[in-house]
Amino acid sequence: MIEARGLTKRYGDFLAVDDVTFTVEPGQIMGFLGPNGAGKTTTILMLLGILKPDQGSARICGEKVGPAHKETGRLIGAVSEHSFLYPEMTVLEYLRFFARIYRVDTPDKRIDEVLEELKLGKRRHALAGSLSKGLQQKVGLARALLHEPPVIILDEPVSGLDPHGLREVREIIVHQRNQGKSILLSSHALSEIERSADRVGIIRDGRLLVEATPAELQAQTAGVLRLEVELDRPGGPFETTVLLISGVAAVEHEDSRMSITIDGSNRAQARQAVSRALTAAGATILGLREVKGSLEDAFVTLTQAAGSGEGRTE
Amino acid sequence: MTMRSSSTYAALGLALGLAGWMLSNDVALVRDNGLMVQAAPFRGPLLGALVVLSFFLAVSAVLSVARDRDRGTLEVLFYGPIDEATYLSGKLVGLLGAYLALMPMLLAGLVVLGIFTRFEIGLRLIAALVLSLIPAAGIVTIGLLLSALAKRVRSSILFFIAAVGLFVGAGVTYSFVSRIPIDDPASPILPLRDALGAVDTVLSRISPFTYLEQVFDWANIGSWTAVGRSLVLSVAGTIVAAVLARLALRWRGVRTREE
């Protein structure tokens, strides 16, 4: 079990993490979301005992985390955004090295199991430095799973992975959850979180804005409508026109496609207004469809509502 | 510095090359003058070889922590059950292990040189060679301290250059100033010379290279009590440097980045 209780971290006047509290139960994956600089990694580093919180505490399986409690390190398998391998070591040497550190029983047998699980068997004698970023991430994950820890903390574990690798890693994470592990998964890949997380925590400006199931979060954005519009020409020149319509919260465009977020009770009227405004401005609408609220919508809505905390202080 | 690294063997080759060059100078002296009075002809060459190896050991130690921090491997180690003391002990043992592994190779090389020059190494110098492991631990620990203080590899190298500059520069400056003839007792050079002498004395007490040299000198004349005293002082210095290295690593942290 992972327990964060009132975790707070300051860098001078900058409040990086503000009173963050959550629990990840055994057999649960908690997705940890937030924009860049929101405080995700700082929170994770406090859970790992790398950073000392200014206030609050963290516990792993009931054991207090901190520099004087390094034995909790045996209870955690952690992967960060960068795999941080020793480039001069082969994959096998690297895993043997960590198997010794974590005092793994029958290390070679366990290494074989992990390499097979991650489909890295053929790379066992490859130098870590010669592997692609995606494969290096998988070696990092192999290292984290080596000692079969009850708690797994993953900070952007799928960055650099191709779709096959992404699916493999997702299956492994879900398999670990099904074995009763507590998993904290921080990722920018919202679709991955949506597919695998049991609960989602969204952090912004150092504060945990919400902690809920993905379904609960999507329900919170039920009042939000997203329109995907295909035009006969680039959408850029029409952005201001659309933004001026009452109820339109955000507009994004890429070539001739526009994504329009409508917030408000009278969505049908807003939809008609968008259609009329675009036509009046000279654009021909080739396609228009409503998109069901996703975790991404919930994330964008919640984090936009919280505003920007650039240079946030106490 | 690992036994798989080619630079380790380059350092061994350099150490043996220096020893061979020093011995060949002695042989040339005998050839030119027909006489050389020296109780232990291998004392200088062996000490020179060990200074080269120890210097290489110090550079390896200076780079080690900062490099691990720079490439993120230090952070990954600290995810697990590793703390500052365990990590630094591991580095110390690893580097001393490599030094220990080089000893028989160095000795074999010196024996070969002895066969060519017909000089004998002697058991006392072989004992000094083995005991040099203790001052070498001090050299490694000071290197680890500098490395723990530095945020990145580049700054660790600058720290090392500054430290070497301080130790060597103080001695050279004191020696230079001492040679300036002074007729006037009110000359400002006199207090400067005294100050430089004090600095040089303090630095030589701190320097593990001083204890390395002392061990050789005392062992060479069979003064084992003095050897023991130098070793005890060297161990004490190593402990102080190790405690400071641990504090430095905790203060500096395991990451180069802040979130």
Side-chain angles (χ1 to χ4, degrees), chain A residues 9 11-12 14 16-17 34 36-52 66-89 93-94 97-103 128-129 139-140 143-144 146-147 149 152-153 155 206, chain B residues 1-10 59-60 63-95 97-98 147-148 151-153 242-259:
Chain A
K9 184 74 189 173
Y11 294 110
F14 183 77
V17 173
N36 290 332
K40 298 188 298 290
T41 302
T42 304
T43 305
I44 286 174
L45 290 172
M46 287 191 278
L47 291 172
L48 291 169
I50 301 285
L51 289 179
K52 193 175 171 220
H69 307 273
K70 284 307 289 181
E71 284 306 303
T72 53
R74 286 189 205 287
L75 304 171
I76 307 173
V79 176
S80 63
E81 186 178 359
H82 306 286
S83 47
F84 299 137
L85 308 178
Y86 295 95
E88 69 279 11
M89 278 188 185
E93 288 167 342
Y94 178 76
F97 174 60
F98 277 95
R100 277 202 303 276
I101 287 175
Y102 285 99
R103 295 186 204 145
V139 175
R143 187 250 312 137
L146 203 55
H147 56 296
I152 299 170
I153 296 179
D155 190 5
Chain B
M1 185 185 192
T2 65
M3 297 315 289
R4 283 166 56 171
S5 160
S6 55
S7 57
T8 305
Y9 298 97
V59 172
S60 302
L63 294 176
S64 61
V65 183
R67 187 177 50 204
D68 275 352
R69 189 188 278 121
D70 235 4
R71 63 184 184 184
T73 46
L74 184 59
E75 179 181 330
V76 173
L77 285 172
F78 276 64
Y79 290 165
I82 302 286
D83 60 10
E84 293 86 1
T86 326
Y87 172 76
L88 292 168
S89 307
K91 285 284 173 197
L92 178 64
V93 169
L95 287 165
S147 198
K151 196 163 190 175
R152 292 188 176 275
V153 169
V243 170
L244 292 175
R246 188 184 177 192
L247 292 173
L249 185 52
R250 180 161 288 187
W251 168 71
R252 181 55 87 187
V254 298
R255 291 164 64 86
T256 52
R257 309 165 304 287
E258 284 185 352
E259 299 308 318

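Side chains are part of it too, since the values below use all heavy atoms of this structure and drop only hydrogens, waters and symmetry mates.
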Given a strict heavy-atom distance threshold of 4.5 Å, which part of A:Arg143 is in contact with chain B: side chain, backbone, both, or neither? side chain
Could you state the interatomic distance from CD (A:Glu93) to CZ (A:Phe97), rounded to the nearest 0.5 Å? 11.5 Å
Does any heavy atom of chain B fall under 4.5 Å from the side chain of A:Leu85, the backbone, both, or neither of them? backbone
Pick one of side chain, backbone, both or neither for A:Ile50, based on which atoms fall under 4.5 Å of a heavy atom in chain B. side chain
Going by the rule side-chain contact (heavy atoms from CB on, under 4.5 Å), which residues pair with B:Ala242 if we only count those two or more places apart in sequence or in a different chain? B:Thr141
Is the shortest side-chain heavy-atom distance between A:Pro149 and A:Tyr102 below 4.5 Å? no
Max heavy-atom pair count under 4.5 Å with chain A, selected residue of B:Val254, B:Ile82, B:Asp68, B:Thr86: B:Ile82
Got a sec, which pairs hit salt bridge (Lys or Arg N to Asp or Glu O under 4.0 Å) with one end in residues 74-86 of chain A, sequence neighbours left out? A:Glu71-A:Arg74
